[in-house]
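This report refers to the structure that appears directly beneath it.
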Amino acid sequence: MNLTLESLRILDEIDRRGSFAAAAAALDRVPSALTYTVRKLEEDLDVLLFDRRGHRARLTSAGEELLNHGRHLLQAAEALEQRVRRTAAGWEAELRIVVDSVIPFERIVPLIAEFDREQPGTRLRISAEVLSGVWESLLTDRADMAIGAAYDGPDAMRMSSDFRTRVLGGIEWVFAVAPSHPLAGVAGPLPAELIQRYRAVAAGDTGRMLPGMTSGLLSGQETLTVPSLEAKLTAQLAGLGCGHLPRMLAAPHIAAGRLVEKATVEAKPAGAAHLAWRSSARGKAMKWFLARLSEDDMKRRLLETPA
């Protein structure tokens with residue numbers, strides 16, 4: 001006989017119960033059926049799986065090796081069965097969510113924890129992108145939902161019925177530099193021609209196909225490009241450049257004196273973070289996230305400025 005999940009279940013039950021008779025009772029089988037299955041498996045593999053001496057059935061070293069790996073297969077099979085049943089009940093096998101780096105991942109964690117308490121069996125795949133890379137993930141079918149997407153999205157999405165969007169909330173920007181930066185000691189609102197003399201720190205757009213987006217950069221200004229807004233914050237804290245930051249990220253550091261907020265002659269207008277998703281995605285996991293992300297308390301958690 002070939003090695004099957006049923007034979008692995010029998011071996012597992014005998015090992016756990018300590019005897020063929022006890023395992024047969026647990027499996028609602030007759031002991032002779034279990035004995036036949038084990039002996040046939042031993043013959044096919046040409047190994048002895050159980051030491052039958054004494055009152056308790058004990059695995060041989062070969063049996064332990066087989067069952068140690070076999071239990072991983074049993075667990076995987078059980079997990080697969082559960083996912084199939086939940087998929088049949090309307091829960092997606094996987095939901096892919098892309099998050100713009102404007103939203104720190106630690107603010108997404110409570111949302112994931114709430115979802116896990118539903119025990120849906122849906123695997124979550126979370127990725128992070130910047131600016132047009134977020135929209136591109138949806139357009140190229142690398143994500144089913146986007147959280148925190150900037151601006152209104154490309155024309156290809158706005159003109160298509162395949163996608164839907166709504167505003168999550170506003171993003172207030174603040175121009176900030178480290179206390180050691182030359183601009184920190186300049187009095188009054190900073191004019192653009194003065195800011196242009198110093199290197200800016202920018203979170204690089206991760207899009208590859210869509211036109212790149214920039215935010216708050218001046219023409220001809222030297223730029224240090226970093227991979228995320230978190231990295232941009234770190235660079236500005238280190239005095240490596242200047243630039244606008246979301247107030248919700250910068251506020252604790254301004255309050256602690258690690259950053260200095262500076263007014264500018266040309267203030268950067270407030271932006272908006274969007275929620276976007278595929279209109280064809282109608283599974284229960286997608287509906288759960290859309291419902292939760294429509295509630296005011298969750299939107300505040302994602303976008304609020306710390307006191």
Side-chain angles (χ1 to χ4, degrees), residues 1-99 105-106 108-127 141-145 278 280-292:
M1 73 184 295
N2 293 324
L3 183 64
T4 63
L5 290 174
E6 180 61 21
S7 63
L8 288 173
R9 288 192 184 97
I10 290 172
L11 295 179
D12 180 56
E13 204 64 45
I14 294 170
D15 182 54
R16 293 180 187 277
R17 304 284 176 175
S19 72
F20 282 66
L27 294 171
D28 196 22
R29 306 274 292 275
V30 295
S32 60
L34 271 62
T35 300
Y36 172 80
T37 298
V38 173
R39 285 180 176 170
K40 188 67 172 69
L41 186 58
E42 288 176 330
E43 291 174 4
D44 291 345
L45 297 176
D46 194 25
V47 297
L48 188 66
L49 298 174
F50 282 100
D51 183 350
R52 295 169 175 80
R53 294 174 296 179
H55 297 291
R56 181 178 179 87
R58 297 185 181 277
L59 288 168
T60 63
S61 58
E64 288 180 354
E65 181 71 12
L66 174 62
L67 192 52
N68 284 341
H69 291 281
R71 280 177 173 143
H72 294 301
L73 296 176
L74 290 173
Q75 291 169 0
E78 181 180 355
L80 177 59
E81 290 173 1
Q82 291 176 353
R83 284 198 295 270
V84 169
R85 285 195 292 268
R86 291 186 178 278
T87 299
W91 290 98
E92 301 91 317
E94 181 177 79
L95 185 66
R96 303 164 299 169
I97 301 174
V98 59
V99 182
F105 182 71
E106 59 263 25
I108 300 292
V109 170
L111 182 65
I112 298 172
E114 285 185 33
F115 181 72
D116 284 348
R117 287 194 285 273
E118 298 290 322
Q119 297 184 332
T122 299
R123 293 189 304 270
L124 296 180
R125 184 180 295 273
I126 311 292
S127 59
D141 196 24
R142 289 184 285 117
D144 306 302
M145 171 185 283
R278 293 181 167 276
S280 60
R282 298 173 182 171
K284 289 184 177 180
M286 174 67 81
K287 291 178 180 177
W288 186 94
F289 274 94
L290 289 176
R292 192 67 182 93

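Residue indices begin at 1 and follow the sequence shown.
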Do the side chains of [Y] and [X] get nearer than 4.5 Å, heavy atoms only?
{"X": "Thr60", "Y": "Phe50", "result": "no"}
{"X": "Arg71", "Y": "Asp15", "result": "yes"}
{"X": "Asp144", "Y": "Glu94", "result": "no"}
{"X": "Leu11", "Y": "Leu41", "result": "yes"}
{"X": "Arg278", "Y": "Asp141", "result": "yes"}
{"X": "Leu3", "Y": "Leu66", "result": "yes"}

Problem set entry | side chain to side chain contact (heavy atoms under 4.5 Å, CB included) between Ile112 and Ile126, intermediate numbers included | CA-CA 10 Å; Ile112 298 172; Ile126 311 292; 4.3 Å; yes
Could you tell me the separation between the [atom1] atom of [X] and the [atom2] atom of [Y], rounded to the nearest 0.5 Å?
{"X": "Leu45", "Y": "Lys40", "atom1": "CG", "atom2": "NZ", "value": "10.0 Å"}
{"X": "Leu59", "Y": "Glu64", "atom1": "CG", "atom2": "CD", "value": "5.5 Å"}
{"X": "Asp12", "Y": "Gln75", "atom1": "CG", "atom2": "CD", "value": "9.0 Å"}
{"X": "Leu67", "Y": "Leu73", "atom1": "CG", "atom2": "CG", "value": "10.5 Å"}
{"X": "Arg9", "Y": "Ile14", "atom1": "CZ", "atom2": "CD1", "value": "14.0 Å"}
{"X": "Leu48", "Y": "Glu43", "atom1": "CG", "atom2": "CD", "value": "11.5 Å"}

Non-hydrogen atoms of [X] and [Y] that approach each other most closely:
{"X": "Ala21", "Y": "Pro31", "result": "CA-CG, 4.3 Å"}
{"X": "Leu34", "Y": "Ala24", "result": "CD2-N, 3.5 Å"}
{"X": "Ser19", "Y": "Ala57", "result": "CA-CB, 4.4 Å"}
{"X": "Lys284", "Y": "Glu92", "result": "N-OE1, 3.4 Å"}

For this session: State plainly whether the residues Arg292 and Glu118 are in salt-bridge range, i.e. N to O under 4.0 Å.
Result: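 Judged by the 4.0 Å cut-off on N to carboxylate O distance, Arg292 and Glu118 do not form a salt bridge.
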For this session: Look at the side chain of Glu42 and the backbone N and O of Leu49, then say whether any donor-acceptor pair between them is shorter than 3.5 Å.
Result: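 The answer is yes, because a donor-acceptor pair under 3.5 Å joins these two groups.
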Exercise. Hey, mind stepping through Leu95 and Trp288 against side chain to side chain contact (heavy atoms under 4.5 Å, CB included) and telling me if it holds?
Worked result: CA-CA 11 Å; Leu95 185 66; Trp288 186 94; over 6 Å; no
For this session: May I have the step-by-step check of side chain to side chain contact (heavy atoms under 4.5 Å, CB included) for Arg29 and Ile10, ending in yes or no?
Result: CA-CA 10 Å; Arg29 306 274 292 275; Ile10 290 172; 4.3 Å; yes
Problem set entry | Heavy atoms of other groups near Arg125 CZ, more than 12 under 6.0 Å |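 It does not: Arg125 CZ has 12 such atoms or fewer within range.
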For this session: Mark yes when over 12 heavy atoms from residues, nucleotides or ligands other than Asn68 sit less than 6.0 Å from its CG; otherwise mark no.
Result: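 Counting other residues, nucleotides and ligands, CG of Asn68 exceeds 12 neighbours.
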